Amino acid sequence: MLKNLWYVAEWSDTVKDKPVKTKLLGQNLVLFRDLEGKVKCLADVCLHRGGSLSGGWVSEKRDCVVCPYHGWHYNGSGKCQKIPSEGDSFQVPKRFKVDAYDVEEKYGMIWVFMGDLPAEERFPIPPLPEFGDEANWRGLKTEFTWKAEASRVVENGIDIAHASFVHPVFGYPSTAEDNFIENVEKYEWWAKSTNVMYPPQLKGGFLGWRNFLRKDKQETKVHPEWHLPGMVVRIQIDIRPGWHIVMFDANTPVDEHTTRTFAWQFRSFFKIGLFDKGSLKRLKTILLEDAAIVQESQPYYLPETLANEVSVKSDKFMSTFRMARRKLIEEKGWQIDTKARDEHQGKKVLTVASPGRRQAMIDGDGWVFDEMPTVPPIKSATRKNAFEQQVDVLTTESSNSKDSIIA
């Protein structure tokens with residue numbers, strides 16, 4: 001699990017007039033709306049006796065979330081504003097704060113920045129231009145919970161080669177060798193590729209309408225993307241000229257054992273509700289097919305190196321994700337140290353550092369809760385390790401070559 005990234009915490013329409021509990025990176029959070037309707041996000045724990053703020057209520061008078069245990073009030077910046085037992089004249093000390101995390105609402109989702117990185121240094125929330133474009137796209141939302149680590153889920157989402165074996169609607173085992181990666185573009189926090197595939201004819205739908213979308217084994221281009229912010233997987237499928245399907249999955253690491261996928265699916269054809277039920281049913285089937293594989297994969301986490309795993313050219317796009325992720329771990333030190341965290345399980349509150357905490361330390365105000373531990377960086381940005389060198393080989397070799405490379 002990585003800090004200093006945007007993650008989807010909840011759907012926007014879930015947070016109304018009451019506090020809502022959610023969880024990111026193994027940490028409980030509370031979401032609530034202030035008097036202006038803006039969502040605020042705090043660590044879900046009171047400084048006083050550890051009460052869960054999400055079990056309280058929102059005070060309209062003070063624009064705060066109120067702890068249900070002793071009535072302590074916390075504003076959207078995490079500052080304790082009132083301690084009822086001490087009276088209205090009591091001046092609350094500056095260090096009486098909980099971590100407050102920056103929030104943006106986009107695409108009907110609540111995005112929370114889990115970290116203390118300055119705004120100008122953050123990777124941006126991935127674009128979703130189809131959202132709100134009702135003239136050209138029909139959008140459907142759904143969600144899915146995996147008993148798997150988020151990076152495994154992302155890697156599965158951008159792995160086009162598995163479609164021929166896991167998803168009958170997307171491929172034939174017999175055409176697996178014909179599918180190929182046409183192009184790969186990689187950047188610091190995201191990448192995209194173009195893949196050529198020869199899938200089966202689509203079947204079913206109302207009055208068999210899907211049968212007319214494409215011929216059997218018709219050349220089809222698929223464009224997967226990954227984005228580190230939100231652990232997003234975006235896939236565009238070009239069914240025929242002007243007919244496209246776009247899937248946008250934000251894969252939220254609830255903890256190291258649970259991933260919650262907030263998903264949008266858009267189609268540029270048949271943009272009426274009559275076809276929605278079937279589309280959602282097929283999407284759910286695909287997710288269940290993937291989960292059956294991903295949740296049984298070993299090792300549980302992505303391998304730290306390629307020493308005990310092999311890769312071939314069809315894996316080169318997935319390798320760009322692994323390399324970018326490892327840079328954040330090895331060069332920036334953004335990985336949550338779950339082993340160190342667990343030593344304090346049930347004994348001490350640990351919270352991911354927020355911008356307010358960073359400023360408090362600069363001002364000398366101090367902080368009550370200890371910071372969530374992270375794995376220290378182990379190398380500089382200038383030295384490539386063996387893993388990166390192998391990825392470079394995979395991503396620079398000819399895309400449609402059938403020769404295998406053992407990594």
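Please read these numbers as outputs of a predicted model, since none were measured by experiment.
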Mind checking what makes salt bridge (Lys or Arg N to Asp or Glu O under 4.0 Å) contact with D34, not counting sequence neighbours? K40

Answer yes when D370 and K348 have at least one side-chain N-carboxylate O distance shorter than 4.0 Å, and no when they do not. yes

Can a salt bridge be assigned to the pair D102 and R122 using a cut-off of 4.0 Å between side-chain N and carboxylate O? yes

Filter on side-chain hydrogen bond (donor to acceptor under 3.5 Å, both in side chains), then keep only pairs touching residues 19-32, sequence neighbours left out; what's left? Q27-Y101

Who passes ring-ring contact (aromatic ring centres under 6.0 Å, His included) against W137, sequence neighbours left out? none

Does a side-chain N-to-carboxylate-O contact under 4.0 Å join D99 and R357? yes

Checking H344 now: which residues fulfil ring-ring contact (aromatic ring centres under 6.0 Å, His included) with it, not counting sequence neighbours? none

Sequence neighbours excluded, the answer for salt bridge (Lys or Arg N to Asp or Glu O under 4.0 Å) partners of E371 is K3

Quick one: is the NZ or CZ of K141 closer than 6.0 Å to the six-membered ring centre of W11, and within 45° of its axis? yes

Partners passing ring-ring contact (aromatic ring centres under 6.0 Å, His included) against F123 (at least two apart in sequence or in another chain): W189

Could I get the full list of salt bridge (Lys or Arg N to Asp or Glu O under 4.0 Å) partners for K271, not counting sequence neighbours? none

Is the backbone of F270 close enough, under 3.5 Å, to the side chain of R267 for a donor and an acceptor to pair up by distance? yes

K38/E105 salt bridge by N-O under 4.0 Å criterion: no

With a 3.5 Å cut-off and sequence neighbours excluded, list the donor-acceptor pairs that the side chains of residues 107-121 form with protein atoms.
residue : atom : partner : partner atom : Å
Y107    : OH   : P126    : O            : 2.6
Y107    : OH   : L128    : N            : 3.3
W111    : NE1  : K106    : O            : 3.3

Going by side-chain hydrogen bond (donor to acceptor under 3.5 Å, both in side chains), name the residues that satisfy it together with N195, two or more places apart in sequence or in a different chain. S193

Do V98 and T351 have side chains that approach each other closer than 4.5 Å (heavy atoms only, starting at C-beta)? no

Mind checking whether W146 and F144 have parallel, tilted or perpendicular rings, split at 30° and 60°? perpendicular

Which residue pairs pass the ring-ring contact (aromatic ring centres under 6.0 Å, His included) test when at least one of the two sits in residues 44-64, sequence neighbours left out? H48-H70, H48-W72

Short N-O contact, R138 and E130, less than 4.0 angstrom: no

Which residues satisfy the ring-ring contact (aromatic ring centres under 6.0 Å, His included) test with Y198, sequence neighbours excluded? none

Can a salt bridge be assigned to the pair K281 and D276 using a cut-off of 4.0 Å between side-chain N and carboxylate O? no

Which residues satisfy the salt bridge (Lys or Arg N to Asp or Glu O under 4.0 Å) test with R325, sequence neighbours excluded? none

